[in-house]
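The chains referred to below are lettered A, B, ... by the order of the sequence lines, with proteins before strands, and numbering in each begins at 1. FYI, side chains are in, hydrogens and waters are out, and symmetry mates aren't considered; it's all heavy atoms of this structure.
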Amino acid sequence: MASERYNPREAEARWQRVWDENRVFETANDDPRPKYYVLEMFPYPSGKIHIGHGRNYVMGDVVARYKRARGHNVLHPMGWDAFGLPAENAAIEKKVHPKEWTYENIATMKEQLKLLGLSIDWTRELATCDPEYYSRQQKLFVDFLAAGLVERKTSLVNWDPVDQTVLANEQVIDGCGWRSGAPVEKRELSQWFFRITDYAQDLLDAIDTLDDWPDKVRLMQQRWIGRSEGVRFSFEIEDGDGARQAEPLTVYTTRQDTIFGASFCAVSPDHPLAKRLAQDDAGLEAFRRECAALGTSEEAIERAEKKGYDTGLFAVHPFRPDVRLPVYVANFVLMGYGEGAIFGCPAHDQRDLDFARKYGLPVIPVVAPVDADPSAFEIADEAFVEKDGQAVRMINSAFLDGMSVADAKEEVASRFEAAGTGARKVNFRLRDWGISRQRYWGCPIPVIHCDTCGIVAVPEANLPVLLPDDATFDRPGNPLDHHPTWKHVDCPKCGAAARRETDTMDTFVDSSWYFARFCSPRDRDVVDRAAVDDWLPVDQYIGGVEHAVLHLLYSRFFLRAMKKTGYTGLEEPFRGLFTQGMITHETYRTENGQWLFPEEVERRDDGTVVSRETGRPVVVGQPEKMSKSKKNVVSPEAIVETYGVDAARWFMLSDTPPERDSEWTESGVEGAWRLIQRLWRLVSQVVEIAPPAATARPERIGPAAEGLRRTTHRALDAVSRDIEQLRFNRAIAHIYEVVNAVTSLLNEKGNGEVAPDLAWALREAAETIVRLSGPMVPHLAEECWKVLGHEGLLADAPWPVVEPALLVEATITLPVQVNGKRRDELVIARDADQSAIEEAALGLAGVQRALGDKPVRKIIVVPQRIVNVVV
RNA sequence: GCGGACGUGGCGGAACUGGUAGACGCAAGGGACUUAAAAUCCCUCGGGGGUAACCCCAUGCGGGUUCGAGUCCCGCCGUCCGCACCA
């Protein structure tokens with residue numbers, strides 16, 4: 001049997017059955033071992049998966065299996081992010097009910113995922129569209145509402161005209177809906193909001209504690225929250241005749257130091273002042289409409305001129321009552337940030353400068369380099385903004401003259417505060433999270449609108465608010481709103497006829513706490529607090545970088561909100577985060593532009609690529625992210641059928657660092673397949689010559705055996721560290737090193753006898769190889785483990801222990817340089833002292849040659865590292 | 001425009017906190033085994049020079065710091081990603 005080929009088709013299914021039947025991967029909450037929570041971002045059940053979806057699950061699985069072997073109680077669950085628009089689109093296009101469509105997809109994908117041989121505790125599986133799950137979410141919502149974490153407010157929202165729903169700012173990409181791609185319109189609607197901005201400072205500060213997150217993601221979150229320090233202050237307003245207006249104009253600035261350079265004020269087209277003035281000013285009203293029609297896309301903004309409409313009003317300069325600044329309505333001022341009103345200082349802001357040039361407004365420099373002549377310092381086409389570290393001072397600024405920018409900011413802020421016309425103010429870019437969606441396939445918002453009682457939360461006893469199954473999808477808009485009876489209910493407070501809220505929650509809400517539900521997935525309450533506090537934070541979270549802002553920020557907010565409502569004592573959900581790269585594949589198109597699947601093309605020996613069907617040449621495109629639309633996908637079934645899933649897993653983990661994109665190639669999988677067979681042969685051969693596992697270590701270990709043991713233990717040490725740091729490609733390289741060492745020893749001995757010490761070392765090496773590759777190729781490793789004579793499962797076996805003595809060599813090889821160029825190497829005792837090393841180094845032939853007759857000036861010895869002779 | 005990452009053989013990529021550049025894999029070429037093929041095993045594999053021992057050049061480009069730079073600093077060039085008028 002041992003000499004036969006390894007048959008993954010048979011073995012993989014068999015081991016998966018064994019793991020299942022023995023419930024190897026089921027996790028108990030009361031297990032005394034230290035906990036470890038590994039989680040991959042759960043999938044949206046869109047249909048079928050391709051191999052590109054598998055990478056992050058496989059990476060998580062390696063970590064999970066490794067941590068199990070290291071003696072942890074590992075939680076590694078899987079669920080489905082199952083609410084969302086595609087189900088509704090399918091309902092419209094294919095006339096299937098979203099529920100049916102979703103659950104069918106879940107069944108298909110679960111089957112496919114199981115092929116990957118993941119060590120998942122399927123007893124904890126959950127789907128967010130299941131009332132079991134969303135009923136708890138409704139309870140959370142009601143609690144959040146009571147705790148003041150939710151509010152209803154009217155606001156300008158992003159309206160997706162195609163999907164007919166509201167989008168969060170985060171869901172607007174380049175001014176278009178993230179799903180539909182249609183240009184987004186502004187509408188004023190009454191919406192439900194989570195008050196994430198209450199936590200802006202906290203969410204920002206705590207980023208510093210997330211040491212195990214990629215810097216990139218931390219930076220993106222910091223920028224998204226966007227804290228800025230400045231001053232909020234008011235201008236008195238006069239009309240053209242000098243008559244003082246009742247309402248002052250409040251603006252926000254971070255550059256109060258440049259106040260003496262102010263030459264105009266501008267308000268947003270949506271500012272109350274602009275609206276009021278527009279009532280009596282047709283020209284302004286037209287300007288406002290023009291601004292609203294202008295897209296918010298990148299392109300539109302690039303193209304858009306800085307345009308303003310002169311209101312005829314003037315703002316009185318706070319420190320120079322004789323100076324009056326014209327007030328404009330300007331298209332570049334955003335209502336959503338600060339006060340929706342600014343003062344413009346053209347000399348030191350490019351945008352203000354463009355505006356000033358267009359409308360002929362003064363440009364007064366107030367900040368200049370210290371070495372510039374203040375009277376001659378002028379601004380041409382570019383606003384002056386000091387570079388990092390550049391020494392500048394205030395000019396043309398009365399009491400600020402000569403000050404640094406920082407001091408001037410302080411001074412102006414203090415004067416506003418003393419005068420009572422302004423105050424220091426911290427602003428954030430982060431907005432509250434609008435969660436209302438005018439959609440059917442989502443979690444119903446558990447609220448009732450009553451004409452007398454106003455907004456009434458659905459009482460706990462009446463939860464869940466279930467989605468009606470009999471919705472129709474034959475017209476645009478919200479099916480819940482169209483439903484003949486669903487929304488008509490009695491007010492829980494007064495009993496009068498009332499209306500249900502027909503909006504459902506943004507699906508990002510669903511994914512903001514699923515990791516907490518996994519800790520006690522069948523609990524009757526929202527969560528079992530003890531379980532959550534034990535399991536969280538997730539020790540290693542793995543997913544795509546596309547969720548760097550939204551999902552992760554929302555989840556961080558949610559755990560804080562759950563703390564406030566008593567569901568946990570924790571604030572941060574994810575201790576370690578890893579963002580993995582995508583799997584790419586070449587694309588293939590026929591001459592007339594039709595995409596072809598990889599299996600529909602053939603690479604001929606002469607390098608040309610042709611269609612299998614027609615024999616016509618095919619255009620090969622650059623590797624791109626696998627996507628159904630471009631057909632550059634490989635199905636897990638096909639891979640499992642030909643190579644087995646272990647080969648696919650090995651290939652996904654080798655070569656490319658996990659955070660980078662990795663190209664899927666046929667030759668790569670074949671290479672992995674060869675390794676699988678090679679490991680199998682290696683183990684089979686070792687079993688024939690080496691003693692059984694339990695044999696005691698021989699008294700004498702000769703040099704060959706000793707050398708192999710060093711290689712083995714070095715690899716063991718390196719692979720352990722590599723997996724801890726998710727450097728799977730390097731772990732695999734280190735495994736190859738032992739495999740190569742064993743192979744060459746086996747080849748050397750041929751059919752000859754093997755000395756007992758070497759045989760023993762060979763077995764140790766083989767066992768180690770199997771144990772180290774177990775997390776990556778678990779099925780093969782189980783099979784080898786059995787062949788090696790072990791009774792139990794490898795999945796339950798502990799990680800081997802490094803013998804530290806084997807990591808330290810008695811003699812070391814030091815490279816010896818002359819003037820920084822390597823000329824020879826020195827084999828010397830590890831503990832040789834400085835002078836012995838110097839003497840030996842100078843005696844080397846290569847060093848002598850390089851030195852010639854030049855005198856030695858200095859010898860640098862870096863212990864254990866290198867010797868450099870300087871002449 | 002702002003912010004970030006990256007740039008090493010034919011390819012994917014190694015090189016710990018500055019210390020032998022190219023580990024490991026893929027591809028390619030040569031050889032062994034075989035009637036033949038597949039599989040497997042062995043050898044070569046950054047460029048140039050030399051019979052050879054060896055020598056020179058080389059980590060996008062140009063400078064710098066250092067005994068020593070792929071790694072640190074300054075300035076360019078290029079690729080990729082994120083943000084988008086944030087006052």
Side-chain angles (χ1 to χ4, degrees), chain A residues 5 172-175 214-217 219-220 222-224 226-228 230-231 251-256 258 266 268 296-302 304 306 330-334 336-345 348-352 354-355 427-431 545-546 548-549 650-651 654-657 659-663 665 667-672 674-675 677-678 681 718 721 727 729-737 739-740 743-744 746-747 813-825 845-846 849-850 857-862 864-871:
Chain A
R5 273 191 150 202
V172 180
I173 317 282
D174 286 346
D215 290 343
K216 178 185 178 162
V217 174
L219 203 73
M220 282 165 75
Q222 277 162 359
R223 289 175 64 93
W224 193 265
R227 183 182 200 272
S228 62
V231 165
V251 301
Y252 179 74
T253 182
T254 56
R255 290 304 304 269
Q256 63 272 20
T258 63
S268 162
T296 49
S297 74
E298 175 186 343
E299 205 193 341
I301 289 167
E302 287 272 300
K306 308 285 172 268
N331 63 352
F332 61 86
V333 181
L334 306 172
Y337 186 79
E339 301 298 319
I342 61 160
F343 77 79
C345 176
H348 305 292
D349 183 302
Q350 190 59 44
R351 192 192 47 201
D352 293 348
D354 295 344
F355 190 81
N427 257 341
F428 295 94
R429 290 185 35 176
L430 183 71
R431 317 288 167 76
V545 70
E546 66 274 18
V549 177
W650 185 266
F651 172 53
S654 54
D655 293 350
T656 308
E659 68 278 8
R660 274 191 225 172
D661 289 352
S662 157
E663 190 189 349
T665 59
S667 64
V669 202
E670 271 167 21
R674 275 199 296 275
L675 174 97
Q677 296 300 338
R678 198 173 153 203
R681 266 195 318 275
R721 275 182 290 124
R727 301 189 296 211
N729 57 322
R730 293 203 266 179
I732 280 177
H734 286 119
I735 291 173
Y736 268 109
E737 279 172 4
V739 171
N740 289 344
T743 308
S744 66
L746 289 173
N747 288 334
T813 306
L814 284 179
V816 181
Q817 300 178 328
V818 175
N819 284 343
K821 281 202 161 112
R822 184 185 170 282
R823 294 302 175 183
D824 210 330
E825 58 185 31
R849 205 167 35 237
R857 285 219 313 242
K858 188 158 58 155
I859 303 180
I860 290 158
V861 178
V862 184
Q864 322 291 324
R865 283 249 170 249
I866 205 164
V867 180
N868 192 9
V869 181
V870 188
V871 292

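Distance check on atom C1': B:rA87 versus B:rC74 gives 33 Å, rounded to whole Å. Of the P atoms belonging to B:rG60 and B:rG12, the separation is 14 Å, rounded to the nearest Å. Spacing of C1' atoms, B:rA69 relative to B:rA58, comes out at 14 Å, to the nearest Å. Rounded to whole Å, the separation between the P atoms of B:rG29 and B:rG82 comes to 40 Å.
Look at B:rC83: its Watson-Crick or wobble partner, with both distances under 3.5 angstrom, is B:rG1. A 3.5 Å limit on both hydrogen-bonding distances identifies B:rG75 as the Watson-Crick or G-U partner of B:rC61.
As rounded to whole Å, 7 Å separates atom P of B:rA21 from atom CZ of A:Arg822.
Contacts of A:Phe355 classified as ring-ring contact (aromatic ring centres under 6.0 Å, His included), with partners at least two apart in sequence or in another chain: A:Phe264, A:Tyr328, A:Phe332, A:Tyr359.
Sequence order on RNA chain B of the closest nucleotides to A:Asn740 and A:Glu659 puts A:Glu659 first from the 5' end.
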Nucleotide by nucleotide, 5' to 3', does protein get under 4.0 Å of the base (B), only the sugar-phosphate (S), or neither (-) in nucleotides 40-51 of chain B, counting heavy atoms? SSS---------
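As judged by a 4.0 angstrom heavy-atom cut-off over every strand, A:Val816 is placed among residues making no nucleic acid contact.
For B:rC85, its base sits under 3.5 Å from the side chain of A:Lys306 at one donor and acceptor pair at least. For B:rC2, its base sits under 3.5 Å from the side chain of A:Arg223 at one donor and acceptor pair at least.
A donor atom on one side chain and an acceptor atom on the other are not found under 3.5 Å apart for A:Arg857 and A:Asn819.
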